[in-house]
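The block underneath contains the structure these notes are about, expressed in structure tokens.
Fair warning: this is a prediction, and the values are worked out from it, not measured in the lab. Chain letters run A, B, ... following the sequence lines, proteins first and then strands; every chain starts at 1. The basis for the numbers below is simple: all heavy atoms, side chains too, and nothing from hydrogens, waters or symmetry mates.
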Protein chains: 2
Amino acid sequence: MIQSNRNAYHHGDLRRALLDAALARLADGEAGQLKLRALAGDAGVSATAVYRHFADKEALLAAIATEGFEGLRHETRAGGEDARDPVARLHGIGCGYVRFAREHPAHYRLMFGPRMLDREQHPELERAAGASYAVLEDTVREGVEAGVLAPADAALLSTAAWSLVHGLALLIIDGLIDPERADDALTERITGLLATGMESTS
Amino acid sequence: MIQSNRNAYHHGDLRRALLDAALARLADGEAGQLKLRALAGDAGVSATAVYRHFADKEALLAAIATEGFEGLRHETRAGGEDARDPVARLHGIGCGYVRFAREHPAHYRLMFGPRMLDREQHPELERAAGASYAVLEDTVREGVEAGVLAPADAALLSTAAWSLVHGLALLIIDGLIDPERADDALTERITGLLATGMESTS
DNA sequence: GGAACAATGTTGACATTGTTAACACCGGCA
DNA sequence: TGCCGGTGTTAACAATGTCAACATTGTTCC
């Protein structure tokens with residue numbers, strides 16, 4: 001386990017360094033596409049060295065997207081943590097979701113940008129994405145079982161909630177919603193509208 | 001006004017031909033990026049001829065996106081046409097919206113894909129996008145004025161509705177929702193959940 | 001300890017693609 | 001008729017993903 005073997009040739013953990021470089025560029029805005037040569041340069045390494053750690057560019061992007069989904073999972077979980085009932089938890093999750101997208105717009109776009117078909121070729125991505133969705137899904141199921149959410153198809157409610165926060169997140173980071181308005185309060189009020197329709201009317 | 005001057009040199013309406021080629025490729029799925037050389041080839045013309053009609057690739061994409069927004073406007077308008085009250089009209093609009101995305105996935109992705117910042121540099125795009133959004137917005141306003149929608153901030157209701165259909169549309173075309181389930185009925189049930197929260201509770 | 005071997009980097013080259021520059025053709029107007 | 005603007009062509013360049021061949025290092029086994 002070498003951890004920082006900077007002997008001018010072997011890098012130590014180039015894979016990690018490349019991912020960090022990519023994350024840094026995403027955090028900086030970096031409107032356009034990530035460029036392998038640039039990432040390699042950031043890591044102080046030759047362009048083709050990338051291929052020792054990633055099959056191709058798509059594999060690298062998949063790895064980044066995977067980490068994004070892990071972050072999204074944490075943010076949503078944290079958002080719903082100190083909520084008493086499932087409905088309040090859903091609100092927290094929704095706010096966490098949109099907040100993640102707002103704080104990491106380029107990263108979020110990458111997560112949902114490149115055709116999702118390739119997810120089937122990147123099991124890690126598939127798993128991470130599923131895990132992040134499960135946060136929402138599980139809470140909805142909880143709510144249905146607790147009787148506070150309409151006993152409709154639970155999958156339907158999850159899909160609706162996901163659609164709402166996903167759409168809102170994208171509209172915000174694409175600048176289609178006035179950035180002034182785009183804060184937690186907006187998310188809260190909007191998710192509140194859907195929550196009303198999801199609540200048990202019994 | 002020459003319309004089909006195929007004298008081996010001057011094309012007649014290359015601009016239109018290029019756009020049609022692009023639309024055809026989008027309709028064919030065409031997972032990746034559109035390539036200028038390919039479009040030029042489809043039109044039977046040299047790669048650089050494109051630049052006589054479009055400043056650059058982005059301008060061509062903007063033109064395509066513009067036509068997409070016009071199509072979206074028509075589809076949503078048609079969807080809400082024969083509805084009696086504003087709420088029913090909103091349902092129709094939502095279904096039309098998602099249907100457009102389902103029927104033209106690549107086109108829809110292009111419309112929202114490339115950073116929206118450049119919209120400010122493409123007035124046509126800006127206008128078309130605004131007009132398509134107005135269909136939804138106007139109907140919401142109608143509903144609020146008619147008293148069937150909650151007298152909350154009308155902009156909030158519009159944003160919520162847009163978020164929901166936009167998110168749903170993207171989840172569907174990105175394959176994140178089981179294609180089996182993705183039909184008008186799904187849209188209808190999901191928009192129904194939000195509509196409940198938007199309706200006037202007086 | 002030393003020799004094979006796997007892992008990891010490097011250089012050089014190639015194909016693709018967007019884009020520009022310089023030139024060619026065509027149709028209309030003075 | 002001759003010029004000119006609009007339109008299309010070829011040649012070439014730069015950026016970028018990727019591969020092949022080679023170099024270097026770390027490891028493992030005798």
Side chains of B/Leu39 and B/Arg25, heavy atoms from C-beta outward: is any pair under 4.5 Å? yes
Rounded to whole Å, the OH-C1' distance (B/Tyr51 to D/dT10) equals 15 Å
Between B/Lys57 and A/Ala47, name the one whose nearest nucleotide on DNA chain C is closer to the 5' end. A/Ala47
Within the structure shown, what part of the strands sits under 4.0 Å from A/Leu34 by heavy-atom distance: base, sugar-phosphate, or nothing? sugar-phosphate
In whole Å, I'd like the distance from the CG atom of B/Leu61 to the P atom of C/dT19. 9 Å
In chain order, what residues pass the side-chain contact (heavy atoms from CB on, under 4.5 Å) check against A/Arg52, with sequence neighbours excluded? none
Base D/dT10 paired with B/Ser46 side chain (donor-acceptor, <3.5 Å): no
At 4.0 Å (heavy atoms only), tell me whether A/Leu60 reaches a base, stays on the sugar-phosphate, or touches nothing. nothing
Heavy-atom count around A/Glu103 CD within 6.0 Å, excluding the residue itself: above 12? yes
Single hit among B/Val165, B/Leu164, B/Ile172 for side chain to side chain contact (heavy atoms under 4.5 Å, CB included) with B/Leu168: B/Ile172
Take the protein atom CG of A/Asp13 and the nucleotide atom C1' of C/dA7, then report the distance between them rounded to whole Å. 13 Å
Would you call A/Arg15-A/Glu67 a salt bridge at under 4.0 Å N-O? no
Separation of D/dG17 atom P from A/Lys35 atom NZ, nearest Å, is 8 Å
What's the CZ-C1' distance between A/Arg15 and C/dA7, to the nearest Å? 15 Å
Looking at DNA chain D, which of residues 20-30 of chain B put a heavy atom within less than 4.0 Å of it? none
hbond_proxy B/Arg52 side chain to D/dG8 base (donor-acceptor, 3.5 Å cutoff): yes
Rounded distance in Å - CG (A/Leu36) to P (C/dT16): 18 Å
Does B/His53 place a side-chain N or O at less than 4.0 Å from the phosphate oxygens OP1/OP2 of D/dG8? yes
Pair B/Arg73 + B/Glu70, salt bridge at N-O below 4.0 Å: no
Starting at CZ of A/Phe54 and ending at P of C/dG9, how long is that distance when rounded to a whole Å? 11 Å
Between C1' on D/dT10 and CZ on B/Arg37, what's the gap in Å once rounded to a whole number? 12 Å
Presence of salt bridge, A/Arg141 and A/Asp138, under 4.0 angstrom: yes
